[in-house]
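The structure appears right after this line, and notes come after that.
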Amino acid sequence: MMNTHSGIEEDAVLIGQTQISQCLNGVFDAMALRCCVELRIADIISNHNRPTTLSEIATGIDSPSINIDGLERLMKFLVHKKVFNEIPQAEAEEGETLYALNNCSKWLLSDAHLTLAPIVMSCTDPFMVSPLHVLSRAIKEGGTAFKITHGEELYNFSLGNPKFNRIFNEDMACSAKINLDAIISSYRNGFLGMKGSVVDVGGGTGVAISEIVKAYPHLKGINFDLQHVISTAPTYDGVTHVAGDMFKAIPPADTIFMKWILHNWSDDDCAKILTNCRKAIPKETGKVIIVEIVQQPKEDDPFSDTRFILDLSMLAYFSSGKERSEKEWKKLLGTFHGF
């Protein structure tokens, strides 16, 4: 600890040191969550339908050589981070500490309809973490950290690596469910006023369009993505899977839906995609619904960190991807009158 200053100045130096420590320690936050999901700790507690002892959690993990001390230290860390609640020994009936789910750990349940577990596994997977080690090189030399590490851009790499393709698609499907729940709630009248067909451009395995069609069965859904993505997509009522390349053509539809697609591409590439969107919809009645993050660097809210982190992820994983400000979105979309 540095003690070269006194009074207020010394406090400021200490605060600065603490801020750096918090940034560095973020890696343990993420990997502790991964450990929790891999061990299915939230699921074990949930299956008991009550606060659960450490020994019960250990039994649920079902390993002949489990490190009980390590498990207890992990749980103490996760309680400190408010991921789980702890019921002190004095309040527990048999004197053993009990652990309970809270509004945070419920998001780590593997089989819940809305869960962050697949995103935890994707964000902490070696495929995604290793490129971050060469982020400085990508900044100095250009290109993406992902390509420097894996030799190909993300989508091409996904094409030849089924394991990564599955991890990435599960992440996208998970976020689609969560986002669509909010989108449908806030854009309810917008969907009600639509008719005919809706194509989800870059729709992955079809989770988003299936949620839309489920909520609005009068709409016909088309899930549009690359062949290797569509090949793993399940069947959904009211949804047709179509394989193709959005840079070449988009299936004709009354409405186009795009969620977190344009942020992966440069302005020039976005212009190509939007041009194909315009060609795919009726000239007078067609609609394009774009769901993207709007960067608001001066606004202090609970999602500020998320906005900045997602922009860094664009830098690391996509050759020309970026999160745009309102001004940048207006500039990009202003070229396409009526969008």
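- Ring pair Phe191/Tyr187 is perpendicular by interplanar angle, where above 60° counts as perpendicular and below 30° as parallel.
- Residues Phe127 and Phe157 place their aromatic rings such that the two centres sit under 6.0 Å apart.
- Side-chain atoms of Asn223 and Tyr236 include no donor-acceptor pair closer than 3.5 Å.
- Note that CG of Asn102 and CG of Asn85 are 4.5 Å apart. Values are rounded to the nearest 0.5 Å.
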Practice item. Dump the intermediate steps for side-chain contact (heavy atoms from CB on, under 4.5 Å) on Ile41 and Leu71, then the final yes or no. Key: CA-CA 10 Å; Ile41 292 173; Leu71 177 62; 4.0 Å; yes

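- In this structure, Pro131 and His150 have side chains that are in contact, with non-hydrogen atoms separated by less than 4.5 Å.
- Other residues, nucleotides and ligands place more than 12 heavy atoms under 6.0 Å from the NE2 atom of His113.
- A salt bridge links Lys81 to Asp29: at least one charged side-chain nitrogen sits closer than 4.0 Å to a carboxylate oxygen.
- In terms of modelled atom types and a separation under 3.5 Å, the side chain of Asn165 and the main chain of Asn161 share no donor-acceptor contact.
- Annotation: the span from Ser55 atom OG to Ile66 atom CD1 amounts to 10.5 Å, rounded to 0.5 Å.
- Rounding to the nearest 0.5 Å places CG of Asp268 at 7.0 Å from NZ of Lys272.
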Point to revise | Derivation and outcome, side-chain contact (heavy atoms from CB on, under 4.5 Å), residues Ile293 and Asp311 | key: CA-CA 10 Å; Ile293 284 174; Asp311 189 43; over 6 Å; no

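- A donor-acceptor pair is defined here as one N or O able to donate and one able to accept, closer than 3.5 Å; no such pair exists between the side chain of Asn276 and the backbone of Ile250.
- Put simply, Trp265 and Leu333 are part of the same group of oily side chains (I, L, V, M, F, W, Y) that touch within less than 4.5 Å, one to the next.
- Minimum heavy-atom separation, His263 to Met314: O-SD, 3.3 Å.
- Put simply, the side chain of Glu292 gets close to the backbone of Ile261: a donor and an acceptor are under 3.5 Å apart.
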**Study point:** Test side-chain contact (heavy atoms from CB on, under 4.5 Å) applied to Phe84 and Cys36, step by step
**Key:** CA-CA 11 Å; Phe84 292 98; Cys36 176; 3.6 Å; yes

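- Salt bridge annotation for Asp267-Arg324: present, with a cationic side-chain nitrogen under 4.0 angstrom from a carboxylate oxygen.
- Atom-to-atom distance recorded for Leu312:CG and Phe308:CZ is 9.5 Å, nearest 0.5 angstrom.
- Asp43 and Ser110 share a side-chain donor-acceptor pair at under 3.5 Å.
- Residue-environment remark: CG (Asp69) exceeds the threshold of 12 foreign heavy atoms within 6.0 Å.
- The distance between the ring centers of Phe164 and Tyr317 does not fall below 6.0 angstrom.
- The number of heavy atoms from other shown groups lying within 6.0 Å of CD (Glu326) does not exceed 12.
- No more than 12 heavy atoms of other residues, nucleotides or ligands lie within 6.0 Å of CG in Asp237, so this atom counts as exposed by the packing criterion.
- In plain terms, the two heavy atoms of Ala117 and Val37 that are nearest each other are CB-CG1, 4.0 Å.
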**Study point:** Evaluation steps, side-chain contact (heavy atoms from CB on, under 4.5 Å), between Asp111 and Arg40
**Key:** CA-CA 10 Å; Asp111 298 325; Arg40 300 180 68 89; 3.7 Å; yes

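- Thr97 and Glu86 share no side-chain donor-acceptor pair at under 3.5 Å.
- In terms of modelled atom types and a separation under 3.5 Å, the side chain of His241 and the main chain of Pro234 share a donor-acceptor contact.
- Leu101 and Ser46 get closest at one heavy-atom pair: CD1-CB, 3.8 Å.
- A continuous path of ILVMFWY side-chain contacts below 4.5 Å connects Leu39 to Ile57, so both sit in one hydrophobic cluster.
- With Arg307 contributing its side chain and Val294 its backbone, the two residues share a donor-acceptor pair below 3.5 Å.
- The CG atom of Leu33 lies 7.0 Å from the SG atom of Cys104; values are rounded to the nearest 0.5 Å.
- In the hydrophobic cluster analysis, where Ile, Leu, Val, Met, Phe, Trp and Tyr join through side-chain heavy atoms closer than 4.5 angstrom, Val291 is grouped together with Val213.
- Annotation for Phe303: atom CZ does not count as buried by contact number, only 12 or fewer foreign heavy atoms lying within 6.0 Å.
- Residues Phe77 and Phe28 come closest through the heavy atom pair CE2-O, 4.1 Å.
- Interatomic distance, OG1 of Thr124 versus CE of Met31, reported as 5.0 Å (0.5 Å rounding).
- A salt bridge is absent between Glu328 and Lys331; no separation between the charged side-chain nitrogens and carboxylate oxygens falls under 4.0 Å.
- Judged purely by atom type and a 3.5 angstrom limit, Thr53 has no side-chain atom pairing as donor or acceptor with the backbone of Leu98.
- A side chain to side chain contact (heavy atoms under 4.5 Å, CB included) with Phe257 holds for exactly one of Ile212, Ile222, Ile290; it is Ile212.
- Sparse packing is recorded around NZ of Lys220, with 12 or fewer heavy atoms of other residues, nucleotides or ligands lying under 6.0 Å away.
- For the pair Ser122 (side chain) and Ile119 (backbone), a donor-acceptor distance under 3.5 Å is absent.
- Counting only distance, with no hydrogens or angles, the side chain of Ser197 and the backbone of Asp254 share a donor-acceptor pair below 3.5 Å.
- Residues Val199 and Leu274 share a single hydrophobic cluster, defined by chaining ILVMFWY side chains whose heavy atoms lie under 4.5 Å apart.
- Follow the hydrophobic side-chain contacts under 4.5 Å out from Leu109 and you reach Val79 in the same cluster.
- Put simply, the side chain of Leu180 reaches to within 4.5 Å of the side chain of Lys259, judged on heavy atoms.
- Between the side chain of Glu72 and the backbone N or O of Leu54, no donor-acceptor pair lies under 3.5 Å.
- Checked by atom type and distance alone, the side chain of His228 never pairs as donor or acceptor with a backbone atom of Asn156 at under 3.5 Å.
- When all heavy atoms of Asp200 and Ala208 are compared, the pair lying nearest together is OD2-CB, 3.4 Å.
- Taking each heavy atom of Gly202 and Asp225 in turn, the nearest pair found is C-OD2, 3.2 Å.
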